[in-house]
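First the proteins, then the strands, lettered A, B, ... as listed; each starts at 1.
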Amino acid sequence: MTRLVGHLDLDYFYAQVEELENPSLRNLPVLVCVYSGRTGNSGVVSTANYRARELGVRSGIPIAFAKKRLAGTEAAFIRMDREKYAGYSERVMEILRENVDVMEQTGIDEAFFDITKRAGGSFEAGTEMASLIKSQVLQRERLTCSVGIAPTKISAKLASDFKKPDGLTVVGPSELANFMEPMPVEKLYGIGDKTAKALQGAGVVTIGDLARKDIPQLDDLFGQKMAVYLHNSASGEDDEPVQERGKATQISRIITLKRNSRNQDEIMTQLAPALDDVHKRVAEKGLFFRSISVIGILSDLSIRTRTKTLEAPTSDSSTLNRATSELLGALVGELGDLRRVGIKVADFEESKEQSSLSEFLR
DNA sequence: GTATGCTTTCGGC
DNA sequence: TTACGGCCGAAAGCATAC
């Protein structure tokens with residue numbers, strides 16, 4: 001049975017929210033930035049609106065670089081406000097949830113959904129539903145999004161990416177092969193620079209090239225698991241179901257140090273608010289964690305981590321602080337100066353009250 | 001060989 | 001000339017047990 005899978009992506013999300021709240025920004029280059037606090041311009045661009053993209057500024061580049069690129073224009077540099085965007089995101093996801101059979105949020109600004117049932121398997125009906133979702137998001141939240149409808153998750157994501165902003169692309173089963181074939185392989189989820197290079201060596205440039213390779217050929221290059229994944233993805237036969245995501249599996253916080261340092265006290269002082277924040281978020285959700293990691297980023301921006309797994313889950317802040325201190329010591333001992341440092345907790349269990357409740361219900 | 005668990009790195013947005 | 005965040009989930013890598 002052919003599925004109707006959808007993918008929704010909020011257009012240049014953070015920057016669009018800023019435009020929405022301040023319409024005078026609409027025709028300017030708008031950059032939502034993460035300021036690290038080290039120097040005035042230290043940090044990166046998180047999201048750029050389309051006007052800024054036309055001028056060569058995109059997400060991930062240093063703010064100082066963007067400043068140079070946009071010298072002489074009236075560009076708006078805006079500090080990122082994640083909580084604000086999360087509010088908009090939650091309301092949009094709720095609209096989506098009301099209109100689909102199953103939905104799977106995969107980021108703050110995107111989600112997969114399945115409408116096979118309520119569209120009765122019809123792509124015409126599916127198109128109407130996608131249209132309705134888009135207009136509800138626009139009416140209720142004043143935001144545009146791009147939506148794709150196709151038979152699988154991978155093809156739905158390609159479809160939402162096909163026309164943006166404010167796009168709606170529907171790819172029925174009979175059009176699927178022609179739609180995917182000409183696209184470069186790196187458009188496929190899970191194929192980055194490294195895999196794309198390796199594929200290019202084997203004469204594979206487009207998704208169509210990849211679909212024509214058989215599994216044994218790919219097995220030699222990438223191993224069996226990856227071979228099957230690549231083959232199915234490129235052939236439009238990926239069968240990953242759309243599934244509601246459960247609770248978060250990790251909670252982390254990373255900061256940039258005022259200056260590079262290997263001094264444990266100096267680092268712990270700056271890390272303390274992040275530790276408090278992580279502990280607060282864990283407590284709010286009633287979680288117990290068993291794994292604690294310290295993340296260190298060196299001056300060359302490479303990332304190193306050290307992890308400690310506890311005997312038993314805890315929510316105790318002094319345990320968190322002690323373990324962090326210990327892991328940090330190990331990390332700076334081996335690596336020397338750090339530029340940024342972070343803390344992560346994971347391997348969650350429900351709080352005792354909740355687990356006895358679920359036991360009782362069972 | 002296979003399943004499992006833990007640590008580290010990778011890659012998307 | 002250089003410039004450089006903060007999250008998340010999953011894969012990869014490795015060890016151990018059977």
By the 4.0 Å heavy-atom rule, please label [X] as base, sugar-phosphate, or nothing.
| X | answer |
| --- | --- |
| A/Ser46 | base |
| A/Ser293 | nothing |
| A/Ile108 | nothing |
| A/Ser36 | sugar-phosphate |
| A/Ile303 | sugar-phosphate |
| A/Arg38 | nothing |
| A/Arg69 | nothing |
| A/Ile61 | nothing |
| A/Asn41 | nothing |
| A/Gly43 | sugar-phosphate |

By nearest heavy atom, map A/Thr307 and A/Asp9 onto DNA chain B; which one lands nearer the 5' end? A/Thr307
Consider only side-chain N and O atoms of A/Ser160 and A/Asp9, and report whether a donor and an acceptor are under 3.5 Å apart. no
Between the side chains of A/Asn260 and A/Arg38, is a donor N or O closer than 3.5 angstrom to an acceptor N or O? yes
Please report, rounded to the nearest Å, how far the [atom2] atom of [N] is from the [atom1] atom of [X].
| X | N | atom1 | atom2 | value |
| --- | --- | --- | --- | --- |
| A/Tyr229 | C/dA10 | OH | P | 12 Å |
| A/Phe65 | C/dA3 | CZ | P | 11 Å |
| A/Tyr14 | C/dC7 | OH | P | 10 Å |
| A/Arg306 | C/dC14 | CZ | P | 14 Å |
| A/Leu298 | C/dG5 | CG | P | 13 Å |
| A/Tyr35 | C/dC7 | OH | C1' | 19 Å |
| A/Arg58 | C/dA3 | CZ | C1' | 14 Å |
| A/Ile297 | C/dG6 | CD1 | C1' | 9 Å |

Side chain of [X] only, please: which of [options] is the nearest?
| X | options | result |
| --- | --- | --- |
| A/Gln250 | C/dC8, B/dC13, C/dG5 | C/dC8 |
| A/Ile254 | B/dC6, C/dC4, C/dG6 | C/dG6 |
| A/Leu301 | B/dT7, B/dC6, C/dC4 | C/dC4 |

Quick one: is [X] getting a side-chain N or O under 4.0 Å of the [N] phosphate, OP1 or OP2?
| X | N | answer |
| --- | --- | --- |
| A/Ser42 | C/dG5 | yes |
| A/Lys157 | B/dC13 | yes |
| A/Thr249 | C/dA10 | no |
| A/Arg340 | C/dG6 | yes |
| A/Ser252 | C/dC8 | yes |
| A/Arg253 | C/dG6 | no |
| A/Arg82 | B/dC13 | no |

Just checking A/Lys308: does its NZ atom have more than 12 heavy atoms from other residues, nucleotides or ligands closer to it than 6.0 angstrom? no
Whether the side chain of A/Lys68 and the base of C/dT2 hold a donor-acceptor pair under 3.5 Å is what I'd like checked. yes
Inter-nucleotide P distance (B/dG12, C/dC4), Å rounded: 23 Å
Hey, can you tell me if A/His7 and A/Phe112 have their rings parallel, tilted or perpendicular (30° and 60° cut-offs)? tilted
On DNA chain C, check which nucleotide each of A/Met80 and A/Arg281 is closest to and give me the residue with the more 5' one. A/Met80
Using a side-chain heavy atom cutoff under 4.5 Å and only I, L, V, M, F, W and Y, what cluster partners does A/Ile297 have? A/Ile254, A/Ile295, A/Leu301, A/Ile303
Test A/Ile78 against every option in A/Leu31, A/Leu25, A/Asn22, A/Val17 by the side-chain contact (heavy atoms from CB on, under 4.5 Å) rule and name the one that passes. A/Leu25
For the residue pair A/Phe123 and A/Pro151, establish whether any side-chain heavy-atom pair is separated by less than 4.5 Å. yes
